[in-house]
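Quick notes on the structure that follows.
All residue numbers refer to positions in the sequence shown, counting from 1.
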Amino acid sequence: MLTRLGVLGYMNIVKTLFTSTNRYLQGFASDNDIKNFIIENTEIVRKQNLTPEIHLRLFTPNCRFWHARPELWPFSDPFWAIYWPGGQALSRYLLSNPGVSQGKKVLDLGCGCGASAIAAKFCGASHVVANDIDPVAAIATQLNCELNGLNPLPCDTENVISSEPEEYDLILLGDMFYEEALADSLHSWLNCCIQTHGTQVLIGDPGRAQFEGHGIRRLLRQEAQFELPKAVREENYGLNCSTVWRYLPEL
């Protein structure tokens, strides 16, 4: 049961269940096939999280693949189907403080289900790009945009943290500091974004060990903290709240 898992164990199980890379290409002739699969095998969720304003297609215990054997899954690593607590806090913060993203060019890095990108657009961001290296996440994000009455946002599947940073006013990262090597790469790339373009960076994280123990932690200023709803606490056993941080490398 999810209620008995620590968050790291939960994420490891998600990764273990969906081990074959790019298996989503097998048996799916087009993006429309993937869209139909997502629609048929997820549930529209609005309540029991920090952002009831946003509707999302997610995996729930009511979905057949929630309980299916790994070999029956067509996708690898469906992080796009879970509304992670760091992303919830980040989206809640944006919705409660619309001036943070209003009129700005925004990048939602590792967008997953696209909730933070949607929140930024709701708040009047002039341009929002959702980025995730998983092409299925890009399709899920576009579906969630449509579900919330938005035109599909531009979705980029390039690994941007290995490239020269583009000019953004604001970069959003929710639940991205779950592996040490990734955290190191993010730290370096974000610092380059700030030094080159003066980009603002907001990070949502529920207090994972890889985040709390990383060097970037001392360069952050807390902007907000949110108590997680009961259902989210149960799915992320051991985590009671989630925090939004502003990255300030001059600290």
Side-chain angles (χ1 to χ4, degrees), residues 6-8 11 50-51 79 83-112 114-117 119-120 123 125 127-133 156 158-228 232 236 238-251:
V7 67
L8 291 178
M11 295 183 74
L50 289 175
T51 58
F79 296 134
Y83 195 11
W84 302 98
Q88 290 194 34
L90 195 55
S91 300
R92 178 70 269 156
Y93 178 72
L94 293 176
L95 291 170
S96 298
N97 300 274
V100 171
S101 57
Q102 187 174 29
K104 293 180 179 177
K105 184 178 180 181
V106 179
L107 173 66
D108 183 6
L109 183 63
C111 64
S116 294
C123 294
H127 183 67
V128 180
V129 174
N131 169 267
D132 200 296
I133 60 173
D156 176 23
E158 178 187 358
N159 182 10
V160 297
I161 64 175
S162 63
S163 62
E164 289 293 320
E166 295 185 26
E167 185 173 356
Y168 287 97
D169 301 311
L170 177 64
I171 294 178
L172 308 171
L173 302 91
D175 302 277
M176 287 288 286
F177 290 81
Y178 55 86
E179 292 179 348
E180 186 174 356
L182 177 59
D184 290 342
S185 297
L186 285 169
H187 189 186
S188 176
W189 186 78
L190 291 171
N191 188 59
C192 185
C193 292
I194 292 172
Q195 297 300 325
T196 305
H197 301 298
T199 305
Q200 298 179 56
V201 176
L202 292 176
I203 298 170
D205 193 272
R208 295 191 178 90
Q210 293 89 335
F211 178 70
E212 293 294 332
H214 196 274
I216 196 174
R217 179 65 179 77
R218 62 183 176 82
L219 303 176
L220 303 177
R221 183 183 72 200
Q222 182 174 316
E223 294 291 308
Q225 188 173 79
F226 301 95
E227 183 178 350
L228 295 171
V232 181
N236 297 271
L239 299 177
N240 294 314
C241 61
S242 191
T243 305
V244 176
W245 304 90
R246 185 176 296 275
Y247 182 33
L248 299 170
E250 68 274 13
L251 289 176

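Each side chain to side chain donor-acceptor pair (under 3.5 Å) pair with one or both residues in residues 183-202, not counting sequence neighbours, appears once here: D184-H214, H187-Y247, Q200-R246.
Atom CG of L182 has more than 12 neighbouring heavy atoms from other residues, nucleotides or ligands inside a 6.0 Å radius. By the neighbour-count criterion of 12 heavy atoms within 6.0 Å, atom CD of E164 is sparsely surrounded, having that number or fewer from other residues, nucleotides or ligands. For CD of E227, the number of neighbouring non-hydrogen atoms (other residues, nucleotides, ligands) closer than 6.0 Å is 12 at most.
Atom OH of Y168 is separated from atom NE2 of H127 by 6.0 Å, given to the nearest 0.5 angstrom. The distance from atom CG of D132 to atom CZ of F79, rounded to the nearest 0.5 Å, is 9.5 Å. We find the CD1-CG distance between I203 and L186 to be 8.0 Å, quoted to the nearest 0.5 Å. Put simply, CG on L90 and CG on L172 are 5.0 Å apart, with the number rounded to the nearest 0.5 Å. Here the straight-line distance linking atom CG of L95 with atom CG of L50 works out to 10.5 Å at 0.5 Å rounding.
Between A89 and V244, the closest heavy-atom pair is O-CG2, 3.4 Å. Minimum heavy-atom separation, D175 to P206: OD1-CD, 3.7 Å. For F226 against R92, the heavy-atom pair with the smallest separation is CE2-CG, 3.4 Å. Across all non-hydrogen atoms, the minimal contact from S242 to L228 is CB-CD2, 3.9 Å. Scanning both residues, E158 and N131, for their nearest heavy atoms gives O-ND2, 2.9 Å. Of all the heavy atoms in L94 and S116, the pair that sits closest is CD1-O, 3.7 Å.
Side-chain atoms of Q88 come within 3.5 Å of backbone atoms of Y83 as a donor-acceptor pair (strictly under, hydrogens ignored). One N or O on the side chain of S163 and one on the backbone of V160 form a donor-acceptor pair closer than 3.5 Å. Within the 3.5 Å criterion, the main-chain N or O of Y93 finds no donor-acceptor partner in the side chain of S96. Formation of a donor-acceptor pair under 3.5 Å by the N97 side chain with backbone atoms of G99 is not found in this model.
At least one side-chain heavy atom of L202 sits under 4.5 Å from a side-chain heavy atom of L170. You'll find the side chain of W245 reaches within 4.5 Å of the side chain of F211, heavy atoms only.
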Discussion item. Determine whether I194 and L248 satisfy the following criterion, side-chain contact (heavy atoms from CB on, under 4.5 Å), listing intermediate values before the conclusion.
Written reply: CA-CA 9 Å; I194 292 172; L248 299 170; over 6 Å; no
Side chains of residues 100-109: which donor-acceptor partners sit under 3.5 Å, not counting sequence neighbours?
from	atom 1	to	atom 2	distance (Å)
K104	NZ	V100	O	3.0
K105	NZ	E167	O	3.3
D108	OD2	A117	N	3.1

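Qualifying salt bridge (Lys or Arg N to Asp or Glu O under 4.0 Å) partners for D205, counting only residues two or more places apart in sequence or in other chains: R208.
No side-chain donor-acceptor contact under 3.5 Å links S91 and T51.
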